[in-house]
Amino acid sequence: MQIYNLLFERFGKRYWWPAETPFEVVVGAILTQQTTWTNVEKAIRNLKEKGFLELELLSNANENEIYELVRPAGYYRQKTKRLLGVARYIYTNYGSIEHMLNQPTDKVRNELLSLNGIGPETADSILCYAGNHLKFVVDAYTYRLCNRIPLLQIGDGKEHAWDRYHKVQRYFEENMPKELEIYREYHALIVECGKRFCKTKPKCLSENNSEIERCPISEICRYYDIFVHER
DNA sequence: ACCCAGGTGGCCC
DNA sequence: GGGCCACATGGG
């Protein structure tokens, strides 16, 4: 939790997830896969203008009328299909995302995971930010943080991706308060820190010294008396 | 002209 | 059950 505090002091409250409704979280979670949020915002804006952030309308939509709206978010054909598939599932089985989320965590999670286009990170994002479920979201930045501190050496490879995901998730969940606000802010703080300092080339651990001084990961390492060297 | 982004699923051996 | 690869746009 010292890590959380250090990140919080540095970046402050993030107010995640940036969305007006739970269903918008679902849409955003799918669109943001392997894509920058600024591109996702454009697609969300397009969908919102046409009213497609409303479940019934989206689930009755045709792929061809969605393609162009989703295009700025990249992978637009694939994401359109996934969006429609998920919307149709929720609409026909529950009528609303809130109704679907109003069930035990594990049941919703397994159901989400069975849908095409929803893997562990997307499922947990929906549970944590659209619902009120205590599920910590793990992403690429979380792995990098674990590796670089080093907190939980986990590697960067794609092998055993699911095992690795749940290993990291369990580690965080076992070591943090069971509070929704902390779950939400912590992941958001890791993303913010990652966007600035944890690119694939570890800027914070190399190049100029002023960046090293300003990098919270360096502070964290200093706090834990871990010697950080070039890698 | 590269490289990368808040992943996921499918196919091949 | 791994190890690759397609998916695609926009910004640094």
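Lettering of chains follows the sequences in order, A, B, ..., and the numbering in each one begins at 1.
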> Base, sugar-phosphate or nothing for A/Trp162? Non-hydrogen atoms, less than 4.0 Å.
nothing
> Looking at residues at least two apart in the chain, or sitting in another chain, which of them share a side-chain contact (heavy atoms from CB on, under 4.5 Å) with A/Glu24?
A/Ala19, A/Glu20, A/Thr21, A/Ile44, A/Lys48, A/Leu53
> Round to the nearest Å and state the distance from A/Leu112 atom CG to B/dG9 atom C1'.
17 Å
> So which of residues 114-132 of chain A are in contact with DNA chain C, with a heavy-atom cut-off of under 4.0 Å?
none
> On a whole-Å scale, what distance lies between the C1' atoms belonging to B/dA5 and C/dG3?
23 Å
> Determine the Euclidean distance between corresponding P atoms of C/dA8 and B/dA1; express it in Å to zero decimal places.
23 Å
> Which residues pass the side chain to side chain donor-acceptor pair (under 3.5 Å) test with A/Thr35, sequence neighbours left out?
A/Lys79
> Looking only at heavy atoms, which two atoms of A/Leu180 and A/Cys128 are closest? And how far apart?
CD1-O, 3.9 Å
> Only one of A/His133, A/Lys135, A/Arg109 clears side-chain hydrogen bond (donor to acceptor under 3.5 Å, both in side chains) with A/Asp124; which?
A/Arg109
> For A/Leu57, check side-chain contact (heavy atoms from CB on, under 4.5 Å) against everything at least two apart and list the hits.
A/Phe52, A/Glu54
> Between residues 168-188 of chain A and DNA chain B, which residues have a heavy-atom gap below 4.0 Å?
none
> I need a per-nucleotide contact map over nucleotides 3-12 of chain C, read 5' to 3'. Cutoff is protein heavy atoms under 4.0 Å; write B for the base, S for backbone only, - otherwise.
S---BBBSS-
> Let me know the distance between CZ of A/Arg164 and C1' of C/dG1, rounded to the nearest Å.
16 Å
> Within this structure, what is the CZ-OH distance for the pair A/Arg164 and A/Tyr143, rounded to the nearest 0.5 Å?
4.5 Å
> Between A/Tyr89 and A/Tyr94, what is the ring plane arrangement, given parallel below 30°, perpendicular above 60°, and tilted in between?
tilted
> Counting the atoms with a prime plus P, OP1 and OP2 as sugar-phosphate, which does A/Arg144 contact under 4.0 Å by heavy atoms, base, sugar-phosphate, or nothing?
sugar-phosphate
